[in-house]
Number of protein chains: 2
Amino acid sequence: MTRPPTSAERTRDTLRGLILQGDLAPGARLGEVELAARLGVSRTPVREALSRLAAEGLVEVAPNRGARVATWTVAELEGVFDLRSVLEPQLTAHAVPRARPADVEELDALARRMHEVGGPGPRQDLDALVPLNRAFHDRLVALAAHPTLAAALAAAIHPPIVRRNFLTYDEESLRRSLAHHSEIVAALRAGDPDWARAVMTAHIANARAVMVRAARRTTGTATREGETA
Amino acid sequence: MTRPPTSAERTRDTLRGLILQGDLAPGARLGEVELAARLGVSRTPVREALSRLAAEGLVEVAPNRGARVATWTVAELEGVFDLRSVLEPQLTAHAVPRARPADVEELDALARRMHEVGGPGPRQDLDALVPLNRAFHDRLVALAAHPTLAAALAAAIHPPIVRRNFLTYDEESLRRSLAHHSEIVAALRAGDPDWARAVMTAHIANARAVMVRAARRTTGTATREGETA
DNA sequence: TCCCGGGTGATTGCATGCAAGTTAGGGGTC
DNA sequence: GACCCCTAACTTGCATGCAATCACCCGGGA
């Protein structure tokens, strides 16, 4: 018996989608009346949605000054990776004893598919990698069956960071990243949580290096992403 | 140039305080009109505050059915401790190289004061322990200077759990807990992050055992805290 | 006695109105 | 020409009104 979503929920999800897809760039102004008109609702559910997204860290609100899509510094980006590097290995280790053979096969299929579309050559499609990667990590987190850890992780990963991922990977880092996925599957097959944890730790460290380097290139170390300074 | 807080912010903070102090028990109904009247504002800021506190996990809202103070199962309680046992040791280790002598002295003073009011005998005052403990941990988290990890921790610790802490400690666990604080100070003095991390890990494990035991006693393993079943 | 259905009072969800605060632009002064 | 102040349009913050939904209670039937 699923409950019909309220306008505020729809507004919140729509806004989140717009931000995650990049239709609303970091730093973009979010006027209440403008959004209300755009989404066909009144200002009230828009306000509620903005407040909620602010709690999630996706938007920033200044009293009497309105809301903007959240921005972040390189330091904050590194902080997010610190958090991921504690939580995701732990979640991965949790997943190991809970993974049934069918689950492992599913993850294996995802990892193989990522090798196909991510490998070098004319068939490389970095955009197709994003949903596959997301599916892999989501599946792993679901297997861990640990809502509290999962919630902490989801709250911290400002998905704007995740979104434009593989465009910034150099070839070696990308190869490493794909290999990590396969190795995690191997660790799951072996039922070795320590192995899985270690690979995931390396996986995050690799991603961290790539993302931090890219962020420094585009924004410099001091300015906020989305600001024009 | 501090900005005067809005009504919604005041409402949110007031509500949070009421919940944390236990004036609003887990499971208690939070009617919008009732709260609005009680706090002297209209329903709008109350709605905003409830939505925000729902995002923080302090209240639970059911569409068209209103909000209640959040409840939790023993499994969720254990999940929170899983999270703490990953985050707090890490934060503690981070704090070690950043702690200046004055900071260490401050923490030492708190730890000593906790021994005074927490030690057995007629001068024992378990209620006084709560703010001291909170100050100790908050100070440590602040020293780590890691907003992302700190935010993840703060978001997860449903403080109703933290609040009524030391009343449930048996004497041995309490002695252990107080000793941990002193030992963390020692590790800080020695500048040894691994030592500090290990002690904090033990500290959380000790607290976890106490809290889970207490929760099982009062609620049974299946029911939710705050429900009368 | 227990279960089920209809009506009613209360509560939430959303829209809108008004006041306070903020930002932008123009005129005046140094 | 640069800076500042003052005004005006706009935006947000909050209050309130109305419709939709829900919980509760009561009566009827098995």
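So that the names make sense, note that chain A is the first sequence line, chain B the second, and so on, each numbered from 1. Note: hydrogens, waters and symmetry copies are ignored here, and every other heavy atom, side chains too, is used.
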Task: Donor-acceptor pair between B:H180 and B:N206 side chains, under 3.5 angstrom - done: no
Task: Under 3.5 Å: donor-acceptor pair, side chain of A:E88, backbone of A:S85 - done: no
Open item on the list: Whether the A:R10 and A:S7 side chains hold a donor-acceptor pair (N or O, under 3.5 Å, no angle test) is what I'd like checked.
Closed with: yes
Open item on the list: For B:D13, is there an ion pair with B:R16 - N to carboxylate O distance below 4.0 angstrom?
Closed with: yes
- [ ] Taking atom CZ of A:R38 as the centre, report whether more than 12 heavy atoms of other residues, nucleotides or ligands fall under 6.0 Å from it.
- [x] no
Task: Contact pattern, 5' to 3', of nucleotides 10-15 of chain C - B, S or - by protein heavy atom under 4.0 Å - done: -SBBSB
